[in-house]
Amino acid sequence: MAPYTLAHLSDPHLPPLPKPRLIELAGKRALGYVNWTRNRYKYQRREVLDALVADVHAQAPDHIAVTGDLVNLALEAEFAPARAWLDGVGPPDRVTTIPGNHDAYVRSTYHRFGETFAPYLAGDDGRIGFPSVRRRGPLALISLSTAVPTLPLMATGTLGRDQLAALDQVLERLATEDVFRVLLVHHPLKSRAWQKRMTDSADLLALLKRHGVELILHGHDHIHSTMWFEGPNGNIPAIGVPSASALAHGHYPAAAYNLFTVEKDNAGWRCEQTVRELGAGFQVGQIKHVRLI
């Protein structure tokens, strides 16, 4: 089997932020807008995102996964530019995306992510919903959504009872197939920040302990992250990446993405991770290469 390469980037927070109408700045959006105009506009930069995506294209991966937070305040005016950007990343058969908490920032536009990015969300059965499964080469991409509107100052995510029950069935079915299972989820499965956690991560971890997957990819924390969680046949790597549009600031690293090369040999699955990060002069280069499995 020839190696199959999956690129993973997350949290593009597509800049610049459109000017909101006054009526749109009620409640949670008001705080988000203040945060953007005072701080985030300085380091969420379109030229950074463009440099990163250009490097992704230069590496010519077989598929690209984008794990949420394509927009910032879920303003109506943000969705069309975000769709145009994703179209530039690649067509729906080569790119898979899922929503993050910023894509479901408020209830009034909660539905817009599914409407805008439907071709990039649909499973192989054509259904728009979660969990969904897309088979690409040797991979089974299992998409989840933790995106729910939350109160001001909160950035938690929740899968919910129905999605977890459906995921149980999906994982049980895939466990009988000869596929490399990749779980896509926006929130990490373990978080030190109470206001940024996945509220029902313990339920997800229980399912993974019983059924297993080969790899978990997430965003949300805007940092390089590798965690390991118990599966039925050994530990499962869970990998997070920095924001795809960020300059380095504070304890947050510069924009980066991961490449995962997957192949099967007589010993089973082999997966190697390459990390590519923005450096001086908006040049993107390799900073790490490691075998995960």
Side-chain angles (χ1 to χ4, degrees), residues 10-11 27-29 32 65-71 73-74 79 96-118 120-134 140-175 181-213 215-221 225 227 229-232 236 238-240:
S10 195
D11 298 73
K28 184 173 183 175
R29 278 192 181 139
V66 183
T67 52
D69 280 0
L70 277 67
V71 301
L73 306 182
F79 287 97
T96 298
T97 194
I98 60 171
N101 56 296
H102 281 261
D103 303 312
Y105 207 68
V106 294
R107 294 188 182 280
S108 61
T109 53
Y110 176 71
H111 61 291
R112 292 292 287 121
F113 191 90
E115 293 175 350
T116 303
F117 301 103
Y120 292 91
L121 302 172
D124 289 338
D125 58 4
R127 187 178 64 88
I128 307 296
F130 300 99
S132 67
V133 178
R134 293 180 137 198
L141 299 168
I142 308 160
S143 295
L144 301 179
S145 174
T146 54
V148 292
T150 58
L151 295 173
L153 303 179
M154 297 296 289
T156 53
T158 301
L159 292 166
R161 188 177 303 171
D162 291 346
Q163 189 174 181
L164 285 163
L167 177 63
D168 190 8
Q169 297 180 8
V170 166
L171 293 178
E172 184 174 12
R173 183 176 72 250
L174 289 176
R181 298 159 295 175
V182 182
L183 192 72
L184 305 178
V185 61
H186 180 69
H187 286 75
L189 277 64
K190 185 177 181 180
S191 179
R192 296 179 181 177
W194 182 83
Q195 73 276 15
K196 297 182 67 175
R197 75 196 191 284
M198 186 194 306
T199 61
D200 47 4
S201 61
D203 297 316
L204 176 56
L205 288 170
L207 288 181
L208 294 174
K209 183 178 180 179
R210 185 160 69 251
H211 297 298
V213 295
L215 179 64
I216 303 164
L217 302 180
H218 69 86
H220 191 54
D221 284 344
S225 173
M227 295 182 281
F229 297 102
E230 187 177 357
I236 304 166
I239 311 296

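Atom OG1 of residue Thr116 and atom NE2 of residue His111 lie 8.5 Å apart, to the nearest 0.5 angstrom. Once rounded to the nearest 0.5 Å, the distance linking NE2 of His218 with OG1 of Thr146 reads 11.0 Å. Remark: Phe130 CZ to Leu121 CG distance equals 5.0 Å, nearest 0.5 Å. Note that CG of Leu183 and CG of Leu167 are 6.5 Å apart. Values are rounded to the nearest 0.5 Å. We find the CG-CZ distance between Leu174 and Arg181 to be 7.0 Å, quoted to the nearest 0.5 Å.
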Exercise for the section: Run the numbers on Val71 and Phe113 for side chain to side chain contact (heavy atoms under 4.5 Å, CB included), then give the verdict. Expected result: CA-CA 9 Å; Val71 301; Phe113 191 90; 5.9 Å; no
Practice task
Would you sort out whether Gln163 and Leu144 count as a side chain to side chain contact (heavy atoms under 4.5 Å, CB included), showing the intermediate values?
Solution key: CA-CA 8 Å; Gln163 189 174 181; Leu144 301 179; 3.5 Å; yes
Exercise for the section: Could you walk me through whether Val66 and Tyr120 pass the side chain to side chain contact (heavy atoms under 4.5 Å, CB included) test, one step at a time? Expected result: CA-CA 10 Å; Val66 183; Tyr120 292 91; over 6 Å; no
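Take His186 and apply the ring pair (Phe, Tyr, Trp, His ring centres under 6.0 Å) test, not counting sequence neighbours, and it matches His220. Residues passing the ring pair (Phe, Tyr, Trp, His ring centres under 6.0 Å) test with Tyr105, sequence neighbours excluded: His102.
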Which donor-acceptor pairs under 3.5 Å do the side chains of residues 203-211 make with protein atoms, sequence neighbours left out?
residue	atom	partner	partner atom	Å
Arg210	NH2	Asp168	OD1	3.4
Arg210	NH2	Asp168	OD2	3.4
His211	NE2	Asp168	OD1	2.5

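In this structure, the side chains of Met227 and Leu189 stay at 4.5 Å or more apart for every pair of heavy atoms. Taking the side chain as every heavy atom from C-beta outward, Asp103 and Phe117 never approach each other to under 4.5 Å. With a 4.5 Å cut-off on side-chain heavy atoms, Ile142 and Leu184 do not count as touching.
The minimum heavy-atom distance between Ser145 and Pro99, with the atom names listed, is OG-CG, 3.4 Å. Here the closest heavy-atom approach between residue Ala166 and residue Pro131 is recorded as CB-CD, 3.6 Å. Listed here is the closest heavy atom pair of Val213 and Ile236: O-CG1, 3.5 Å. Here the closest non-hydrogen pair linking Ala74 and Thr109 is O-OG1, 2.7 Å. In plain terms, the two heavy atoms of Phe229 and Ala238 that are nearest each other are CE1-CB, 3.6 Å. In plain terms, the two heavy atoms of Asp11 and Gly219 that are nearest each other are OD1-CA, 3.5 Å.
The neighbour count for Asp125 CG, taken as heavy atoms of other residues, nucleotides or ligands under 6.0 Å away, is above 12. Other residues, nucleotides and ligands place more than 12 heavy atoms under 6.0 Å from the CZ atom of Arg127.
Inspection of the Thr156 and Thr150 side chains reveals no N or O donor paired with an N or O acceptor under 3.5 Å.
Screening Asn101, Asp221, Thr199, Leu159 for a side chain to side chain contact (heavy atoms under 4.5 Å, CB included) involving His187 leaves a single residue, Asn101.
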